[in-house]
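The structure appears below as structure tokens.
These values consider heavy atoms only, across backbone and side chains, with no hydrogens, waters or symmetry-generated copies. Residue numbers run from 1 in the order of the sequence given. Since we're looking at a predicted model, the values are computed, not measured.
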Amino acid sequence: MSLECQLATTFKSCNTFHHFDRYSDILSPELIQQSFEKAGVATVRRRRLPLEAVLWSVVGMSLFRQQSVWDIANQLDIVLPDKQRFVAPSAVVQARQRLGEEGVKQVFKTMAAQSYKTSRFEKWCGLNLLAVDGVVWRTTDTPENHQEFKAQRNGGVENIYPKIRMVCLMELTSHQLVDSTFSDYRTNEMRLAEELIEQTPDHSLTIFDKGYYSTGLLHKWNKTGQERHWMLPVRKDFQCEVVHRYNRNDAIVAIKTTPQARKKFDELPEFIEARLVSKTIKGKKYQVLTSMRDGLRFPSEEIVELYRYRWEIELGYREMKQTLLDSEYTLRSKRPDMVKQELWGILLAYNLIRQVMTKASERLDSIWPNQLSFTSSAMAVTQYFAALPLTSPGNLPKHYKQLLQQISLFMLPARREDRRYPRWVKLKPKKYATNRKNASRLN
């Protein structure tokens, strides 16, 4: 073989060796390698399916929901060259097992933290708006999943599908996930929320549902870091002692903690101070408890109205389950370790799309990323991934720029503030059947 042919062959092998580098505009290879080293799965051995390629296959499981993992690995063209064009399906399964859960988890957490630092978000009174809430995922019906994740019980009878309980921390103006954690179905959401405290960004306001009322959790959330504020609505039976009153609807209150809470949280004092803001809307009184005690910096008129943004995290869960997973609520993996890996891959794929949408929104004036269509953006990103194997490396920056330009056109219409969706109260079924025809004759 001539020297020219040898150089051409070498250049071709080197060029295809880093096929997954084509996705560097979406997720940098340096970040992936750093995450693998942190997870303890990095290796110098080169296989036909390197761990970087397996990671993109796991992400592709969410983007290409109707295809098998084997088809995804071959379609993304991330397999290293060999005599055979395709890899065996069993090789993909073994590669996923080599990668494990921790590798994908660390990539998600590292990417989420880096994206939060580099992205530009809208703020309220100098605080980024965050929300915490739970969501449930359904796994396949296998004995291993039942033992690992547990199932719901109805009247003493266990549900057929094992489930996973997850709690996420989401930035509300972009719907980007800041952090996430999950466990078996019977784990309390407040215990999972405690695992998110360390990763909560400073100078932020986290909005909770009323079910997360725990003096220990809220006190620790506020005292960890700088200006990590919280707010949540309170129940009607909420008890407190007024310390200082700004006006009749705004006061600083002292809340007595329980001995059980002080035993669980060592630094929890006997009393904690918070701000209680009330507002009457259509004859109904609403009360919001918050750690933002500065009445001059944080106006009380806006605090109650601010709570409605908590529902943005519910929209994010809908985007993951209905749009990204095509309403196929049961995860496809069978083993518990692969189920966890798939779940981290779903969160990673969702954040990758949201990250691209955030960059696209920066091209527009006064447009938040959550004002762009996730459905259209997810379709554009999926098409971008499908076309990458056919794109020359020199044209990648141009195609990525076109992707951002395309997504910036997917603006949603303005939300109608006057729309209302009252809950439909169904009548309780009667114990005995009634004959309306005979009843009318008696009258």
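Salt-bridge annotation for Asp250 and Arg245: absent, with no side-chain N of the basic residue lying under 4.0 Å from a carboxylate O of the acidic one. Checked for salt-bridge contact, Glu144 and Lys334 miss the test: no charged N lies under 4.0 Å from a carboxylate O.
Side chain to side chain, Ser333 and Arg96 meet the donor-acceptor criterion of an N or O pair below 3.5 Å. Side-chain polar atoms of Asn351 and Ser115 form no donor-acceptor pair below 3.5 angstrom. Side-chain N/O atoms of Thr330 and Arg138 include a donor and acceptor closer than 3.5 Å. Between the side chains of Thr224 and Glu198, no donor-acceptor pair is found at a separation under 3.5 Å. A donor and an acceptor atom, one from each side chain of Ser327 and Gln322, are nowhere located under 3.5 Å apart. Between the side chains of Glu171 and Ser174, at least one donor N or O sits under 3.5 Å from an acceptor N or O.
Here Glu362 contributes atom CD and Ser408 contributes atom OG; the two are 12.0 Å apart, rounded to the nearest 0.5 Å. In this structure, CD on Glu227 lies 11.0 Å from CE on Met292, to the nearest 0.5 angstrom. Expressed to the nearest 0.5 Å, how far CD of Glu189 lies from OG of Ser214 amounts to 13.0 Å. Between the CG atom of Asp209 and the CG atom of Asp133 there is a distance of 6.0 Å, given to the nearest 0.5 Å. The distance from the CD atom of Gln260 to the OG1 atom of Thr215 is 10.0 Å, given to the nearest 0.5 Å. Between atom CD of residue Gln287 and atom OG1 of residue Thr280 there is a gap of 9.0 Å, rounded to the nearest 0.5 Å.
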Q: Before giving the answer on side-chain contact (heavy atoms from CB on, under 4.5 Å), spell out for Phe298 and Thr290 the whole-Å C-alpha distance, their side-chain angles and the decisive distance to 0.1 Å.
A: CA-CA 11 Å; Phe298 307 110; Thr290 178; over 6 Å; no
(Q) side chain to side chain donor-acceptor pair (under 3.5 Å), that's the test. Do Thr140 and Asn145 meet it? Break it down for me. (A) CA-CA 7 Å; Thr140 53; Asn145 289 340; 3.1 Å; yes
Q: Determine, stepwise, if the pair Leu130 / Met170 fulfils side-chain contact (heavy atoms from CB on, under 4.5 Å).
A: CA-CA 5 Å; Leu130 310 175; Met170 178 181 289; over 6 Å; no
Q.
Please determine whether salt bridge (Lys or Arg N to Asp or Glu O under 4.0 Å) holds for the pair Asp184 and Arg165, giving the CA-CA distance in whole Å, both sets of side-chain angles, and the decisive distance to 0.1 Å.
A. CA-CA 6 Å; Asp184 62 84; Arg165 189 175 300 278; over 6 Å; no
(Q) If you apply the rule side-chain contact (heavy atoms from CB on, under 4.5 Å), what do you find for Leu276 with Cys240, and how did you get there? (A) CA-CA 9 Å; Leu276 184 64; Cys240 61; 4.2 Å; yes
Q) Step by step, would you call Leu352 with Met111 a side-chain contact (heavy atoms from CB on, under 4.5 Å)? A) CA-CA 9 Å; Leu352 290 176; Met111 187 272 294; 4.0 Å; yes
Q: Check step by step if side chain to side chain donor-acceptor pair (under 3.5 Å) holds for Gln66 and Glu328.
A: CA-CA 10 Å; Gln66 304 299 330; Glu328 296 183 7; 3.0 Å; yes
**Q.** Trace of the salt bridge (Lys or Arg N to Asp or Glu O under 4.0 Å) decision for Glu312 with Arg308
**A.** CA-CA 8 Å; Glu312 295 293 331; Arg308 63 177 179 171; over 6 Å; no
Q. Do Arg335 and Glu148 pass the salt bridge (Lys or Arg N to Asp or Glu O under 4.0 Å) test, and can you show the C-alpha distance, the side-chain angles, and the key distance before you say yes or no?
A. CA-CA 10 Å; Arg335 290 175 30 175; Glu148 179 75 17; over 6 Å; no
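Between Arg65 and Arg332, the shortest heavy-atom contact is O-NH2, 2.8 Å. Counting all heavy atoms, side chain and backbone alike, Glu122 lies closest to Asn128 at O-OD1, 4.0 Å. Contact record, Asn370 with Leu412: O-CD1, 4.0 Å, taken as the closest heavy-atom pair. Shown here for Pro269 and Thr257, the closest heavy-atom pair between the two residues is O-OG1, 2.7 Å. Shortest non-hydrogen contact noted between Pro299 and Ile303 is O-CG1, 3.4 Å. Taking each heavy atom of Tyr212 and Gly134 in turn, the nearest pair found is OH-N, 3.3 Å.
Screening Thr200, Asp202, Thr206 for a side chain to side chain donor-acceptor pair (under 3.5 Å) involving Arg228 leaves a single residue, Asp202. For the pairing with Leu343, the side chain to side chain contact (heavy atoms under 4.5 Å, CB included) check across Leu331, Thr139, Leu348, Val104 returns one residue only, Leu331. Between Lys279 and the options Glu301, Glu305, Glu302, a salt bridge (charged side-chain N to carboxylate O under 4.0 Å, His left out) holds for only Glu305.
In this structure, Thr323 contributes its side chain and Met320 its backbone to no donor-acceptor pair below 3.5 Å.
By the side-chain hydrogen bond (donor to acceptor under 3.5 Å, both in side chains) test, Arg293 pairs with Glu273, sequence neighbours left out.
Residue-environment remark: CZ (Arg363) exceeds the threshold of 12 foreign heavy atoms within 6.0 Å. For Met379, the CE atom is loosely surrounded, since the number of other residues' heavy atoms within 6.0 Å does not exceed 12. The neighbour count for Arg248 CZ, taken as heavy atoms of other residues, nucleotides or ligands under 6.0 Å away, does not exceed 12. Residue Gln147 qualifies as open at atom CD: its count of foreign heavy atoms under 6.0 Å is 12 or below.
Taking the six-membered ring where the residue is Trp, Tyr309 and Trp368 present tilted rings, their angle falling between 30° and 60°. Ring planes of Tyr246 and His244: perpendicular class, angle over 60° (limits at 30 and 60°). Note: Phe238 and Tyr213 have perpendicular aromatic rings, judged against thresholds of 30 and 60 degrees for the angle between ring planes.
Phe374 has its ring centre less than 6.0 Å from the ring centre of Tyr350. In this structure, Trp311 has its ring center no closer than 6.0 Å to that of Tyr317. Taking the centre of each ring, Tyr116 and Phe121 come in below the 6.0 Å mark.
For residues 229-242, the side-chain hydrogen bond (donor to acceptor under 3.5 Å, both in side chains) pairs, not counting sequence neighbours, are His229-Ser291.
Cation-pi geometry between Lys321 and Trp137 is satisfied (NZ or CZ under 6.0 Å from the ring centre, within 45° of the ring normal). Stacking of Lys150 on the aromatic ring of Tyr185 is not recorded, the 6.0 Å distance cut-off and the 45° axial limit not both being met.
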Atom pairs and distances, donor-acceptor, side-chain atoms in residues 30-37, under 3.5 Å, two or more places apart:
unit_1 : atom_1 : unit_2 : atom_2 : d
Ser35  : OG     : Leu31  : O      : 2.8
Ser35  : OG     : Gln106 : O      : 3.4
Ser35  : OG     : Thr110 : OG1    : 3.3

